[in-house]
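The block underneath contains the structure these notes are about, expressed in structure tokens.
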Amino acid sequence: MTSTGEERGGAGRDGPWWWERPRGAVLDVGLAAVSAVECAVEGVPFAHEAGLPVPVGVLFGLLVGSTLVLRRRWPIAVVLVGIAVSPAAMGFLLGVVGLYTLAACEVPRRITATLASMSLVATLVVMYVRTSGDQGASQSLVIVLSVFVAVALTVPPVLLGLYIGARRRLMESLEERADSLERELSLLADRAEERAEWARTEERTRIAREMHDVVAHRVSLMVVHAAALEAVAAKDPERAAKNAALVGDMGRQALTELREMLGVLRAAESPKRVPAAAAAVPVAALVGSFEDGPGPSLGELEALVGQSRAAGMVVELDVRGAGAGYPAEVEQTAYRVVQEALTNCHKHAPGARVVVRLAHREGEVAMQVENGPCGADVDRPGLPSGGNGLVGMRERVLGLGGVFVSGPTDEGGFKVSAVLPCAPRRG
């Protein structure tokens with residue numbers, strides 16, 4: 001089965017038999033009816049010339065003309081029927097519409113050219129034979145008239161069919177490209193939404209990690225100092241005042257760091273609602289604000305250790321090698337690892353001896369926080385633990401391409417070790 005441009009363009013197939021649309025069926029039936037009437041009328045002189053009864057000629061014409069209804073199904077057969085009955089001088093509409101349909105459908109062009117040439121020659125011969133019998137017509141006029149009629153009945157429908165077929169194929173190609181572009185745009189939109197959601201999740205994790213590092217360490221020290229304050233308030237007012245001052249300093253430092261982070265969050269917010277695919281823009285700005293903004297560094301490690309010492313913890317700081325200028329994110333990550341490890345010592349190993357080691361090596365910086373066993377007679381401060389400290393440290397270190405190891409020691413303590421490259425790698 002072949003198809004023409006008249007069959008295309010519908011959203012689906014809802015016509016009878018081989019028609020894709022009812023409108024095409026109505027058109028073909030109407031054309032076949034007109035062709036049948038034409039061939040029936042032309043069958044009368046054909047019957048007289050062939051010596052047949054007139055009803056036979058009329059019936060033959062009706063059958064020949066009605067084959068036009070098959071033009072979409074079998075266009076080659078319709079054209080061959082038109083060529084076959086051309087000597088009987090009938091089927092002009094059949095031949096013209098058949099050639100147009102053949103040129104417009106998806107048959108090989110060599111077949112179209114062959115059948116069009118056959119139709120042209122057949123029409124030329126029939127016209128020449130029928131007009132050459134006139135006594136008053138010159139031979140040259142007969143030839144010119146025959147050629148004109150043959151070309152007029154063959155070339156225009158073929159050219160029109162070729163144009164319609166090419167236009168249809170072009171439109172189909174454009175529709176396919178439009179559908180492909182629409183699918184690609186939909187896929188890109190889905191991917192953009194996934195990237196935006198991933199960025200939002202990553203930033204929520206980052207914010208939670210930053211909040212945990214800031215709040216957990218400061219509040220842990222505040223709880224330790226508050227417990228010491230409660231224990232010595234009546235016995236040693238001077239020490240109680242000192243502990244109260246430390247608690248106030250810790251609280252102010254925690255509030256300052258919280259305000260800085262909240263300020264970054266407010267600065268990154270948009271005053272208007274934006275589409276989900278565009279949500280990655282403020283998130284990216286937020287990430288840059290956290291990374292590029294001022295943060296703790298290894299130069300503040302001594303002060304961090306001093307805060308733990310002021311809370312009563314025995315902490316030894318061992319620094320080896322000369323530190324070069326590290327990227328800000330490396331310094332911040334190293335500081336946060338030590339800070340969180342000291343916080344865990346306050347929570348889980350009060351009274352234990354702690355050693356903080358920092359080694360500046362070629363191309364990397366290593367840190368280790370190790371605490372000894374906690375004495376059985378030491379009162380624990382009862383600080384809550386969500387189990388996110390070690391997870392956050394591991395995420396920070398691995399995010400920069402470093403190595404993180406933690407676990408209990410043989411002496412009954414706990415050790416946290418991390419190695420960070422000087423040039424961080426984002427994974």
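Worth saying up front: this structure is predicted, and the values here are computed from it rather than measured.
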query: What residues form a side-chain hydrogen bond (donor to acceptor under 3.5 Å, both in side chains) with Glu370, not counting sequence neighbours?
result: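 Scan of Glu370 (side-chain hydrogen bond (donor to acceptor under 3.5 Å, both in side chains), adjacent residues dropped) gives Arg357.
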When rounded to the nearest 0.5 angstrom, what distance separates [atom1] in [X] from [atom2] in [Y]?
{"X": "Thr101", "Y": "Ile76", "atom1": "OG1", "atom2": "CD1", "value": "12.0 Å"}
{"X": "Leu80", "Y": "Ser119", "atom1": "CG", "atom2": "OG", "value": "10.0 Å"}
{"X": "Gln332", "Y": "Leu400", "atom1": "CD", "atom2": "CG", "value": "9.5 Å"}
{"X": "Glu300", "Y": "Glu331", "atom1": "CD", "atom2": "CD", "value": "9.5 Å"}
{"X": "Ile83", "Y": "Ser117", "atom1": "CD1", "atom2": "OG", "value": "9.5 Å"}
{"X": "Leu94", "Y": "Cys39", "atom1": "CG", "atom2": "SG", "value": "6.0 Å"}

Shortest non-hydrogen separation from [X] to [Y] and the atoms involved:
{"X": "Gly372", "Y": "Ala352", "value": "O-CB, 3.3 Å"}
{"X": "Met90", "Y": "Gly43", "value": "CE-CA, 3.7 Å"}
{"X": "Ser297", "Y": "Tyr335", "value": "O-CD1, 3.3 Å"}
{"X": "Leu342", "Y": "Met313", "value": "O-CE, 4.1 Å"}
{"X": "Val96", "Y": "Leu153", "value": "CG2-O, 3.8 Å"}
{"X": "Cys422", "Y": "Tyr326", "value": "SG-CE2, 3.3 Å"}

[X] vs [Y] side-chain heavy atoms within contact, under 4.5 Å:
{"X": "Lys415", "Y": "Ser406", "answer": "no"}
{"X": "Val354", "Y": "Val305", "answer": "no"}
{"X": "Leu358", "Y": "His360", "answer": "yes"}
{"X": "Thr112", "Y": "Val107", "answer": "yes"}
{"X": "Phe46", "Y": "Val85", "answer": "no"}
{"X": "Arg353", "Y": "Glu316", "answer": "yes"}
{"X": "Asn344", "Y": "Met393", "answer": "yes"}
{"X": "His348", "Y": "Phe414", "answer": "no"}

Does a side-chain N-to-carboxylate-O contact under 4.0 Å join [X] and [Y]?
{"X": "Glu193", "Y": "Arg200", "answer": "yes"}
{"X": "Arg320", "Y": "Asp318", "answer": "yes"}
{"X": "Glu172", "Y": "Arg169", "answer": "no"}
{"X": "Glu175", "Y": "Arg168", "answer": "no"}

Looking at [Y], is its backbone amide N or carbonyl O close enough to the side chain of [X] to form a donor-acceptor pair, meaning the two atoms are under 3.5 Å apart?
{"X": "Ser35", "Y": "Gly65", "answer": "yes"}
{"X": "Thr201", "Y": "Glu197", "answer": "yes"}
{"X": "Ser186", "Y": "Glu182", "answer": "no"}
{"X": "Thr123", "Y": "Leu120", "answer": "no"}

task: Mind checking side-chain contact (heavy atoms from CB on, under 4.5 Å) for Val147 and listing every partner two or more places apart, or none if nothing turns up?
output: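 Once residues adjacent in sequence are excluded, the partners of Val147 under the side-chain contact (heavy atoms from CB on, under 4.5 Å) criterion are Leu124, Ile143, Val151.
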task: List for me each residue that meets side-chain contact (heavy atoms from CB on, under 4.5 Å) alongside Ala418, sequence neighbours excluded, and say none if there are none.
output: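 Partners of Ala418 by the side-chain contact (heavy atoms from CB on, under 4.5 Å) criterion, ordered by chain and then number, come out as Val337, Met367, Val397, Phe404.
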Whether over 12 other heavy atoms sit under 6.0 Å from [X] [atom1]:
{"X": "Arg191", "atom1": "CZ", "value": "no"}
{"X": "Arg109", "atom1": "CZ", "value": "yes"}
{"X": "Arg309", "atom1": "CZ", "value": "yes"}

task: Let me see the working for Tyr100 and Val158 under side-chain contact (heavy atoms from CB on, under 4.5 Å), right down to the final yes or no.
output: CA-CA 5 Å; Tyr100 160 78; Val158 172; over 6 Å; no
query: For Val315 and Val356, what are the C-alpha separation, side-chain angles and deciding distance, and is it a side-chain contact (heavy atoms from CB on, under 4.5 Å)?
result: CA-CA 7 Å; Val315 187; Val356 178; 3.9 Å; yes
query: Given Leu68 and Arg71, is the side-chain contact (heavy atoms from CB on, under 4.5 Å) satisfied, shown in steps?
result: CA-CA 5 Å; Leu68 190 59; Arg71 71 183 187 97; 4.2 Å; yes
